[in-house]
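The model shown is predicted, which means the values in this text are computed figures rather than measured ones.
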Amino acid sequence: IAQKISDIKEVKYQHKKIYFEKKFSINKVNLSDINDYLQSRNQKINTKRMINRKKINVVDHYNWWLSEEFESRDTYKVKSGNKTILYIWHKNILINKKNYYVGGWFISDKSCKISDVYAALKWQLKKTYSKNKKWIAVINLNNKVVLKLNKVLGFSKKFDSSTDYLNSRLFFKVSPKKFSYQVYSN
C-alpha cells in the first residue's frame with residue numbers, strides 16, 4: 001500500500017473542480033446525489049467499520065439530508081470519469097471552546113482503490129489547512145488498512161495535549177478498546 005500511495009501526484013486545481021492526474025474530480029454533493037449517497041453509505045463494506053453500523057432508512061436519510069446537521073457539513077463526491085467512487089465530508093466542531101475538524105468517508109463503487117481514497121483525503125487535508133485547528137478522528141481497530149492510511153496521511157495516536165484527547169473522547173463517545181483515537185495537526 002505504501003508504495004502505491006507514494007506514487008500519487010500532488011493535487012492540481014482547475015476552475016472549481018479539482019482533478020487528480022486528470023482522472024478524478026471532486027464536487028460538492030447536490031440533491032440529485034441523495035439516493036446514491038444513502039445506498040453507498042448502507043453498503044455492508046462501509047457499515048461494518050462505522051461508529052453507527054445500522055442501516056439508515058430512506059425517510060430518516062431524507063430528513064437528515066434536509067436538516068441543519070447536513071448543512072453544517074461540507075460533503076463531496078469523488079468521481080472517476082462519470083462514476084462516483086467515493087464520498088467524503090468534513091465539518092467544524094466546537095468542544096469546550098476549541099475548534100476541530102471531524103470528517104468521514106465511504107466508498108460508492110467497488111472500483112475505488114486505496115490510492116483513490118488517499119488522493120481524496122490528501123486534497124481534503126489541504127483544503128482544510130489551518131494553523132489553529134486540528135483534526136480529530138476515530139478508526140475501528142479492526143480496520144488495519146485505514147489505520148495505516150491515516151498514519152501515512154500524518155494522523156497520530158499521540159495527542160499534544162490531554163485536552164484534545166479528552167475533547168475527542170467527549171465528542172466520539174466510543175471505547176478506546178474498539179477504536180483508535182487520533183489527531184492531525186496541520
Side-chain angles (χ1 to χ4, degrees), residues 11 13 15-18 24-79 84-109 112 117 120-140 143 146 150 153 155 159 161 163-175 178-186:
V11 176
Y13 295 89
H15 303 285
K16 292 186 179 181
K17 292 183 180 179
I18 293 80
F24 302 104
S25 64
I26 297 179
N27 300 297
K28 281 204 165 204
V29 296
N30 56 52
L31 191 56
S32 68
D33 299 307
I34 193 168
N35 292 318
D36 184 61
Y37 188 97
L38 175 63
Q39 183 180 12
S40 300
R41 188 265 178 222
N42 280 343
Q43 290 181 63
K44 187 171 183 158
I45 193 169
N46 293 321
T47 59
K48 70 181 179 181
R49 293 190 174 92
M50 291 182 169
I51 293 173
N52 177 2
R53 294 179 174 187
K54 296 178 184 170
K55 281 194 171 191
I56 307 297
N57 71 49
V58 174
V59 173
D60 289 343
H61 177 66
Y62 287 3
N63 286 333
W64 171 77
W65 188 279
L66 301 171
S67 72
E68 288 182 23
E69 166 60 26
F70 182 77
E71 284 295 316
S72 71
R73 296 176 172 212
D74 288 319
T75 306
Y76 301 89
K77 58 186 170 188
V78 180
K79 295 181 89 172
T84 299
I85 60 169
L86 176 70
Y87 287 98
I88 62 174
W89 65 271
H90 61 268
K91 75 181 222 172
N92 180 58
I93 60 167
L94 183 66
I95 308 170
N96 294 324
K97 300 180 183 177
K98 285 196 77 172
N99 280 301
Y100 299 96
Y101 281 116
V102 294
W105 60 271
F106 50 87
I107 66 167
S108 177
D109 187 84
C112 184
V117 176
L121 296 181
K122 194 80 171 156
W123 170 84
Q124 185 180 48
L125 291 172
K126 189 172 184 176
K127 179 174 180 51
T128 59
Y129 174 80
S130 170
K131 290 182 181 179
N132 302 322
K133 198 180 304 181
K134 299 175 183 176
W135 274 82
I136 56 174
V138 292
I139 301 166
N140 186 310
N143 200 344
V146 175
N150 270 31
L153 286 167
F155 281 82
F159 285 75
S161 77
T163 302
D164 291 334
Y165 178 74
L166 293 173
N167 284 343
S168 295
R169 292 288 308 268
L170 184 64
F171 180 78
F172 291 112
K173 299 177 181 142
V174 293
S175 170
K178 293 183 179 180
F179 288 86
S180 172
Y181 281 82
Q182 299 193 357
V183 65
Y184 175 85
S185 301
N186 291 313

Check the pair I88, W123 against side chain to side chain contact (heavy atoms under 4.5 Å, CB included), reporting the backbone distance first and the verdict last. CA-CA 11 Å; I88 62 174; W123 170 84; 3.7 Å; yes

[X]: which residues meet the side-chain hydrogen bond (donor to acceptor under 3.5 Å, both in side chains) condition with it, sequence neighbours left out?
X	answer
N52	none
K133	N92
K134	D164
T163	none

Residues pairing under salt bridge (Lys or Arg N to Asp or Glu O under 4.0 Å) where one sits in residues 31-47, two or more places apart or in two chains, turn out to be D33-K77

If a pair satisfies salt bridge (Lys or Arg N to Asp or Glu O under 4.0 Å) and one of its residues is in residues 54-69, list it, with sequence neighbours excluded. E69-R73, E69-K91

Could you verify whether a donor N or O on one side chain and an acceptor N or O on the other, from N35 and Y62, lie under 3.5 Å apart? yes

Can you measure from [atom1] ([X]) to [atom2] ([Y]) and round to the nearest 0.5 angstrom?
X	Y	atom1	atom2	value
I93	I136	CD1	CD1	4.0 Å
Q124	Y76	CD	OH	8.0 Å
F159	R169	CZ	CZ	10.0 Å
N150	Q182	CG	CD	5.0 Å

Can you name the salt bridge (charged side-chain N to carboxylate O under 4.0 Å, His left out) partners of K173, sequence neighbours left out? none

Without swapping roles, check the side chain of H90 against the backbone of L125 for a donor-acceptor pair under 3.5 Å. no

Under 3.5 Å, side chain of N96 to main-chain N/O of N167, donor-acceptor pair present? no

Smallest separation among heavy atoms of N46 and S40, with atom names: ND2-O, 2.7 Å

If every non-hydrogen atom of N57 is compared with every non-hydrogen atom of V59, which pair is closest and at what distance? OD1-N, 3.1 Å

By ring pair (Phe, Tyr, Trp, His ring centres under 6.0 Å), Y87 pairs with (sequence neighbours left out) Y37, F106

Ring pair (Phe, Tyr, Trp, His ring centres under 6.0 Å) partners for F70, two or more places apart: W64, W65

side-chain contact (heavy atoms from CB on, under 4.5 Å) against [X], all qualifying residues, sequence neighbours excluded:
X	answer
V174	I51, V138, F172, F179, Y181
I45	Q43, I107
L94	N99

